[in-house]
Amino acid sequence: MKYRIPNLVNFDKFVFRIGELSRMTGVSSRQLRYWEQRDYISAITRDDQNKARVYDFHTFIQVSIIKRLQDEGYRLPAAVEKMRSIQKEIALSREFFKAAFDGVEVIDGQLYLNLGYFDKAKTKVLYGRYENGETSYEVRPVNKD
DNA sequence: GTTCTAACA
DNA sequence: TGTTAGGA
């Protein structure tokens, strides 16, 4: 039996105001406004400049990464630069995994990640396993269930 | 109660 | 970067 995981969660609906984002990340609201002024981060477009800022989940991730890097000793501009390069790595990883990942299968009562065809002839499938904190791989013939 | 901008004992 | 003023 094969399970696929559709997009069940809409992360665009995860929005926060400045006080919430500040508490979530440990970055002061003063800092968040300053970072925005420097174009290091951005709030969701505000129609009225005097209206409260709204941040999305993506910005939460960005702020979290910058904060972590600062705690590790990076200065703000360097932290932002590294955050942006990290985001490129994350984006690439996501695309690769999205392309490779083809759902979860139960084989002999065990959960397997279907990682796509192993060979060009499409006779074998690469499976990933995760057990006791370790990953492993198995190549199996195509599952005909 | 929260967030806004601007300014600085 | 913190804090405060005065409004929304």
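Computed from a predicted model, the values in this text were never measured in an experiment. Below, each value reflects all heavy atoms present in this structure, side chains not excepted, and no hydrogens, waters or symmetry copies.
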(message) Nearest heavy atom decides the nucleotide; on that basis, is A/R30 or A/E20 closer to the 5' end of DNA chain B?
(response) A/E20
(request) Measure the distance from CH2 on A/W35 to P on C/dG2 and round it to the nearest whole Å. (result) 10 Å
(message) Rounded to whole Å, how long is the line connecting atom CD1 of A/I18 with atom P of B/dG1?
(response) 19 Å
(message) Any side-chain N or O of A/R53 below 4.0 angstrom from OP1/OP2 of B/dT5?
(response) yes
(message) Any strand counts, and the cut-off is 3.5 Å on both contacts for Watson-Crick or G-U wobble. Which nucleotide pairs with C/dA8?
(response) B/dT2
(message) Nearest whole Å is fine: how far is B/dC4 P from A/Y34 OH?
(response) 18 Å
(request) Name the nucleic acid region contacted by A/S28, choosing base, sugar-phosphate or nothing; use a 4.0 angstrom heavy-atom cut-off, strictly under. (result) sugar-phosphate
(message) Which residue is it: A/L32, A/V80, A/L21? I am looking for the one with a side chain to side chain contact (heavy atoms under 4.5 Å, CB included) to A/I41.
(response) A/L32
(request) Whole angstrom is fine here: how far is it from CG in A/L21 over to C1' in B/dT2? (result) 15 Å
(request) Return the nearest nucleotide to the side chain of A/Q70; candidates are B/dT5, B/dT3, C/dT1. (result) C/dT1
(message) Contact between A/F16 and A/F60 at the side-chain level, heavy atoms closer than 4.5 Å - yes or no?
(response) yes
(request) Quickly work out the A/Y55 OH to B/dT2 C1' distance and round it to whole Å. (result) 13 Å
(request) Respond yes when some side-chain nitrogen or oxygen of A/R33 is under 4.0 Å from OP1 or OP2 of C/dT3, and no when none is. (result) no
(request) Indicate whether the side chain of A/R38 and that of A/Y34 have a donor and an acceptor atom separated by less than 3.5 Å. (result) yes
(message) Nearest 0.5 angstrom please: A/W35 CH2 to A/Q62 CD, how far?
(response) 10.5 Å
(message) If I take atom CZ in residue A/R17 and atom P in nucleotide C/dA8, what distance separates them, rounded to the nearest angstrom?
(response) 17 Å
(message) Let's test this: given Watson-Crick or G-U wobble pairing with both distances under 3.5 Å, identify the partner of B/dC8.
(response) C/dG2
